[in-house]
Amino acid sequence: MAPTLFWIGLGNMGRGMTRNIVEKGNLDSPLLVYNRSTKRAIDFRNSFPEGKVEVVESIADGVSRADVIFSCIADDDAVQAAYKAALEGEVKGKLFIESSTIHPDTTEAIAKQVIAKGAEFVAAPVFGAPAMADAGQLVGVLAGPRSSVARAKPWFTGVTSRADIDLSDEPYSKALTLKVLGNTFILNMIEQLAEAHVVAEKTGLGTDAIHGFVEAVFPGPYVPYSNRMRSGDYYKREEPLFAVDLARKDARHALSLARSVGVRLHNVEAGDAHLAVVKEHAGPSGDIAGIYGAVRKEAGLEFENHA
């Protein structure tokens with residue numbers, strides 16, 4: 001019989017990952033879910049046939065009924081609070097799979113608490129945008145004891161992800177170090193696209209030419225972010241795809257890691273400065289792609305391009 005799974009956190013990434021687990025994870029029982037916003041959890045449950053998903057009232061309730069517990073939560077404080085609740089009861093023999101983007105030190109501290117209670121832990125952050133989560137095309141990074149990683153793998157490649165980076169028997173922190181550094185590539189990409197589009201507009205080259213170049217030379221994530229800038233999606237969304245506060249949290253973690261080994265990430269500093277402008281302009285609903293608006297504003301244009 002398949003193990004009972006419990007998922008904590010139904011944000012942009014969590015919703016896509018859980019949907020794929022329900023549809024492709026070969027579950028014998030309903031997927032248990034918990035979200036701080038109960039309405040979001042109920043709406044998610046109601047998007048499936050009856051009996052596929054069950055909303056639980058608390059983290060402690062879900063953990064008590066599950067064999068495997070996934071978490072994908074916004075930030076370090078929220079993850080620590082969730083694990084405090086999760087570890088209140090008996091958890092011996094259970095497997096905790098942590099997919100949030102948090103500081104490596106936070107991951108190590110949580111893993112220590114889990115193991116002390118007789119449970120297993122796998123650090124499993126993922127790379128990919130929400131659309132990739134929806135499509136089951138993420139890239140997972142799995143670290144921890146080989147036997148624990150093996151227990152976690154059935155819900156990654158072929159279910160939530162298209163590929164995994166296997167860090168079996170490596171420290172948990174390595175998965176998060178890779179994730180945090182990997183996210184700087186995204187920040188730097190958006191910064192470069194934003195600057196190029198603004199210069200192209202102001203010199204008369206035009207953003208169509210830049211977008212054509214991106215499509216021809218840099219396919220992949222560059223193209224949708226270029227489209228988001230040109231279409232005005234970077235400021236029009238009610239719910240951000242990658243919220244400004246989360247992007248700044250990731251930048252702080254990267255800068256902290258770099259400082260700890262005597263390295264300065266100049267590109268990340270530039271991106272974070274523009275994210276600060278996004279936050280000032282749009283508040284918590286600002287999106288990482290709003291860096292385009294910040295660069296526009298810095299160059300004497302309106303934040304919004306009115307596309």
Side-chain angles (χ1 to χ4, degrees), residues 5-9 11 13-14 17 34-36 58-64 66-127 140-153 155-156 164-184 243 245-263 265 268:
L5 270 60
F6 172 40
W7 188 282
I8 306 169
M13 299 298 289
M17 294 177 75
Y34 173 84
N35 192 70
R36 282 185 293 181
S58 68
I59 289 175
D61 179 31
V63 170
S64 70
D67 305 299
V68 178
I69 299 94
F70 280 86
S71 51
C72 187
I73 313 175
D75 57 33
D76 298 56
D77 289 343
V79 172
Q80 289 170 325
Y83 269 84
K84 181 179 180 181
L87 298 176
E88 286 179 351
E90 177 58 54
V91 296
K92 187 174 182 179
K94 298 179 187 287
L95 172 64
F96 289 81
I97 303 172
E98 219 302 295
S99 293
S100 312
T101 301
I102 53 180
H103 195 282
D105 292 348
T106 305
T107 299
E108 288 287 352
I110 290 170
K112 186 176 180 179
Q113 295 168 17
V114 170
I115 292 166
K117 294 276 289 186
E120 296 181 44
F121 184 87
V122 171
V126 293
F127 286 110
V141 184
L142 280 64
R146 188 170 301 276
S147 59
S148 300
V149 169
R151 283 184 69 185
K153 277 193 170 186
W155 299 289
F156 285 87
D164 300 329
I165 299 172
D166 189 333
L167 297 179
S168 292
D169 290 336
E170 294 284 357
Y172 302 109
S173 59
K174 284 195 174 183
L176 275 301
T177 299
L178 178 56
K179 171 59 176 171
V180 168
L181 290 177
N183 276 12
T184 68
D245 287 338
L246 299 184
R248 296 203 72 194
K249 174 260 297 179
D250 292 355
R252 286 194 301 272
H253 288 340
L255 292 169
S256 171
L257 280 173
R259 281 195 300 269
S260 72
V261 291
V263 178
L265 301 179
V268 176

Is there a donor-acceptor pair under 3.5 Å between the side chain of Lys174 and the backbone N or O of Ala143? no
Looking at Asp164 and Asp166, would you say the former's side chain and the latter's main chain have a donor-acceptor pair under 3.5 Å?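 Not a single qualifying donor-acceptor pair exists.
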How far apart are the closest heavy atoms of [X] and [Y], and which atoms are they?
{"X": "Cys72", "Y": "Gly14", "value": "SG-N, 4.4 Å"}
{"X": "His103", "Y": "Ser256", "value": "NE2-OG, 3.6 Å"}
{"X": "Pro104", "Y": "Thr177", "value": "CG-OG1, 3.5 Å"}
{"X": "Gly182", "Y": "Phe127", "value": "CA-CE2, 3.6 Å"}
{"X": "Glu120", "Y": "Arg151", "value": "OE2-NH1, 2.8 Å"}

What orientation do Tyr172 and Phe121 show, parallel under 30°, tilted 30 to 60°, or perpendicular over 60°?
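Plane angle over 60°, so perpendicular.
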What orientation do Phe70 and Trp155 show, parallel under 30°, tilted 30 to 60°, or perpendicular over 60°? perpendicular
Do the non-hydrogen side-chain atoms of [X] and [Y] ever get within less than 4.5 Å of each other?
{"X": "Asn35", "Y": "Trp7", "answer": "no"}
{"X": "Thr107", "Y": "Ser173", "answer": "no"}
{"X": "Asp61", "Y": "Tyr34", "answer": "no"}
{"X": "Val149", "Y": "Lys153", "answer": "yes"}
{"X": "Val114", "Y": "Val91", "answer": "no"}
{"X": "Ile102", "Y": "Gln80", "answer": "no"}

Interatomic spacing from [atom1] in [X] to [atom2] in [Y] - rounded to 0.5 Å:
{"X": "Lys84", "Y": "Glu88", "atom1": "NZ", "atom2": "CD", "result": "7.5 Å"}
{"X": "Leu95", "Y": "Asp67", "atom1": "CG", "atom2": "CG", "result": "9.5 Å"}
{"X": "Leu176", "Y": "Leu167", "atom1": "CG", "atom2": "CG", "result": "10.5 Å"}
{"X": "Leu257", "Y": "Leu181", "atom1": "CG", "atom2": "CG", "result": "6.0 Å"}
{"X": "Asp105", "Y": "Ser260", "atom1": "CG", "atom2": "OG", "result": "8.0 Å"}
{"X": "Ser99", "Y": "Lys179", "atom1": "OG", "atom2": "NZ", "result": "10.0 Å"}

Using the side-chain contact (heavy atoms from CB on, under 4.5 Å) rule, take Phe156 and Ile97 through it: C-alpha gap first, then chi angles, then the decisive distance, then the call.
-> CA-CA 11 Å; Phe156 285 87; Ile97 303 172; 3.9 Å; yes
Surrounding CZ of Arg36 (heavy atoms of other residues, nucleotides or ligands, distance under 6.0 Å), is the total greater than 12?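 It does not: Arg36 CZ has 12 such atoms or fewer within range.
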Notebook entry, point to check: In terms of side-chain heavy atoms, does Thr101 have a donor or acceptor partner in Asp250 at a distance below 3.5 Å?
Noted result: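 Distance-only check fails for Thr101 and Asp250.
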Q.
Looking at Lys249 and Asp76, is any side-chain nitrogen of the basic one under 4.0 Å from a carboxylate oxygen of the acidic one?
A. no
